[in-house]
Amino acid sequence: MTAAAVDLPDLIDLLDLESDLAPEERETRDAVREFVDRRIRPNIAGWFADAVFPQEIVPEMAQLGLLGMHLQGYGCAGKSAVQYGIAMQELEAGDSGLRTFVSVQGSLAMSAIAKHGSEEQKRRWLPGMAAGEIVGCFGLTEPTAGSDPSTMATTAVLDGGEWVLDGAKRWIGLASIAHVAVIWAKAVDESGLERVRGFLVPTDTPGFTATPIEPKLSMRASVQCDIALEDVRLPADAILPENPGLRGPFSCLNEARYGIVWGALGAARDSLEAALAYSQQRIQFDKPLAAYQLSQEKLVNMALEIQKGQLLALRIGRLKDEGRLENHMISAGKLNNCRVAIEVCREARTMLGGNGITLEHSPLRHANNLESVRTYEGTDEVHTLILGQRLTGHSAFR
């Protein structure tokens, strides 16, 4: 059987994981894959080269039910964790930056409101966000507070019945196109203690400024920003009333990390498919690259690592749907699958030779994007220490 005889995603499914998917999971995969093939693949090289996020595709993402896909009610699709993961894998096969939009919108901003917001806040924001009419962002990371958000300097002070926010955030996805920002700040609660709390900040509020970070070598078809907060005044009910403290943003980060467990493999799979197709067509020394032992070794190693990562993602997804997923399991998936994905993309690029450094081919674009994916929502080091603490019982963060 040759690569041309069947679809490449089916060809590299060496373990027949297809048979472990329920009909509704396959339907989700096929719908998102069709969208990626039709709207993203023909255009992504230009969007990446020009550093453009294509806002025109947001309504189509909403029509597919991708925004807040795993949330229940308020216009959200209410799909399973596995369906959400499969969708993220297919989106990231198109581009990490476009999967990131769905992640920031749904797993971060919408999850923060769904998990920690009041009923009034949920009704005000979630339906419009699910429809793609309202874009949200999630402001946690700061210029000097990345892996350790407990050191954040942004403050919220209650003054005459209003909250006043001051501070700065950095690497905030979608901030310059967002309508509402979930901003995490240190606030003094009723007991007099300083705790991290979330606030819903309409981005047209005076004192809120979002500036895109440019130029970038990664995630060029996405938007990441600096946020400045200068005497931003909000009504008293702008605070998210539930779950104060760092466990608030961390619960949202775990939702985003879960999507990455699947998404990174989409970039890896697309890179393998590109290398496999190219190796069948590229003739060197009178036969295709695919006919050489060293080429086959590379292809086999990439396929095996992707399949192992997919088994890990599927296991984590099933546990999440059963309510049995623990935080360290998400770290295992994020650490392993990002590490595997970036190596696969780099190896796939080598099979394309000099042609592989052009945007005609996807592996190097995916590898560049994964430099960001590997860093955000917890670096390798952070997830290693989470797993190390699980194994040893000792925290090595301090």
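The residues of the chain are indexed from 1 along the displayed sequence.
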Is any NZ, NE, NH1 or NH2 atom of the basic residue among [X] and [Y] found under 4.0 Å from an Asp or Glu carboxylate oxygen of the other?
X: Glu326; Y: Lys320; value: no
X: Arg220; Y: Glu214; value: no
X: Glu120; Y: Arg123; value: no
X: Lys115; Y: Glu255; value: yes

Output yes when a side-chain donor or acceptor of [X] lies under 3.5 Å from a complementary backbone atom of [Y], and no otherwise.
X: Gln389; Y: His394; answer: no
X: Thr384; Y: Asp380; answer: yes
X: Asn368; Y: Ser218; answer: no
X: Ser279; Y: Ala275; answer: yes
X: Lys334; Y: Gly259; answer: no
X: His179; Y: Val135; answer: yes

Task: Set of ring pair (Phe, Tyr, Trp, His ring centres under 6.0 Å) partners for Phe208, sequence neighbours left out - done: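 Per chain and number, Phe208 pairs via ring pair (Phe, Tyr, Trp, His ring centres under 6.0 Å) with no residue.
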Task: Counterpart residues, ring pair (Phe, Tyr, Trp, His ring centres under 6.0 Å), relative to His361 (two or more places apart) - done: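 Only Tyr278 meet the ring pair (Phe, Tyr, Trp, His ring centres under 6.0 Å) criterion with His361.
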Supply the members, apart from [X], of the Ile/Leu/Val/Met/Phe/Trp/Tyr cluster built from side-chain contacts under 4.5 Å; use none for a lone residue.
X: Leu311; value: Leu15, Leu17
X: Ile260; value: Met219, Ile342, Leu370, Val373, Tyr376
X: Leu217; value: none
X: Leu364; value: Ile357

- [ ] Mind running side-chain hydrogen bond (donor to acceptor under 3.5 Å, both in side chains) on Gln296 and Gln293 for me, showing each step along the way?
- [x] CA-CA 5 Å; Gln296 292 188 10; Gln293 291 181 358; over 6 Å; no
TODO: Could you name each residue pair satisfying side chain to side chain donor-acceptor pair (under 3.5 Å) that touches residues 132-146, not counting sequence neighbours?
DONE: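 Sorted result for residues 132-146: Glu142-Thr154, Glu142-Lys169.
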Open item on the list: Test: side chain to side chain donor-acceptor pair (under 3.5 Å). Region: residues 224-242. Which pairs qualify, not counting sequence neighbours?
Closed with: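 Checked against side chain to side chain donor-acceptor pair (under 3.5 Å) - neighbours excluded - the pairs reaching residues 224-242 are Asp159-Arg233, Glu162-Arg233, Arg170-Asp226, Lys216-Gln224, Ser222-Gln224.
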Task: Sequence neighbours excluded - salt bridge (Lys or Arg N to Asp or Glu O under 4.0 Å) pairs with any residue from residues 61-83 - done: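 Every candidate salt bridge (Lys or Arg N to Asp or Glu O under 4.0 Å) pair involving residues 61-83 fails, so no pair, neighbours aside, qualifies.
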Open item on the list: If the condition is side-chain contact (heavy atoms from CB on, under 4.5 Å), which residues does Val104 pass it with, not counting sequence neighbours?
Closed with: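 Here the qualifying residues are Thr100, Leu108, Leu174.
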With hydrophobic residues grouped by side-chain heavy-atom distances under 4.5 Å, do [X] and [Y] end up in a single group?
X: Leu272; Y: Leu91; answer: no
X: Val182; Y: Ile172; answer: no
X: Val340; Y: Leu299; answer: yes
X: Leu234; Y: Met152; answer: no

Task: Check: Phe199 ring centroid to Trp163 ring centroid under 6.0 Å - done: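 Between Phe199 and Trp163, the centre distance is under 6.0 Å.
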TODO: Only counting residues at least two apart or in another chain, list the ones meeting side-chain hydrogen bond (donor to acceptor under 3.5 Å, both in side chains) with Arg339.
DONE: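 For Arg339, no residue satisfies side-chain hydrogen bond (donor to acceptor under 3.5 Å, both in side chains) once neighbours in sequence are set aside.
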- [ ] Applying side chain to side chain contact (heavy atoms under 4.5 Å, CB included) between Leu21 and each of Glu27, Arg26, Gln83, report the one that passes.
- [x]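 Per the side chain to side chain contact (heavy atoms under 4.5 Å, CB included) rule, the option paired with Leu21 is Arg26, out of Glu27, Arg26, Gln83.
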Open item on the list: Just by distance, no angles: are the side chains of Ser111 and His116 close enough, under 3.5 Å, to form a donor-acceptor pair?
Closed with: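 Note: Ser111 and His116 side chains miss the donor-acceptor criterion.
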Task: Distance-only side-chain donor-acceptor flag, Ser19 / Asp16, under 3.5 Å - done: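 There is such a pair between these side chains.
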Task: The single option from Asn369, Asp95, Asp270 passing side-chain hydrogen bond (donor to acceptor under 3.5 Å, both in side chains) against Ser362 - done: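 For Ser362, the side-chain hydrogen bond (donor to acceptor under 3.5 Å, both in side chains) test succeeds with only one of Asn369, Asp95, Asp270, which is Asp270.
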Open item on the list: Please report the interatomic distance CD1(Ile316) to CZ(Arg257), rounded to the nearest 0.5 Å.
Closed with: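 Reported to 0.5 Å precision, the distance equals 12.5 Å.
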TODO: Please list, chain by chain and in numerical order, all residues satisfying salt bridge (charged side-chain N to carboxylate O under 4.0 Å, His left out) with Arg318, sequence neighbours excluded.
DONE: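 Counting only residues at least two positions away or on another chain, Arg318 forms a salt bridge (charged side-chain N to carboxylate O under 4.0 Å, His left out) with Glu25.
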Open item on the list: Parallel, tilted or perpendicular, judged at 30° and 60°: which one describes the rings of Tyr84 and Tyr258?
Closed with: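 If you compare the ring of Tyr84 with that of Tyr258, the planes turn out parallel.
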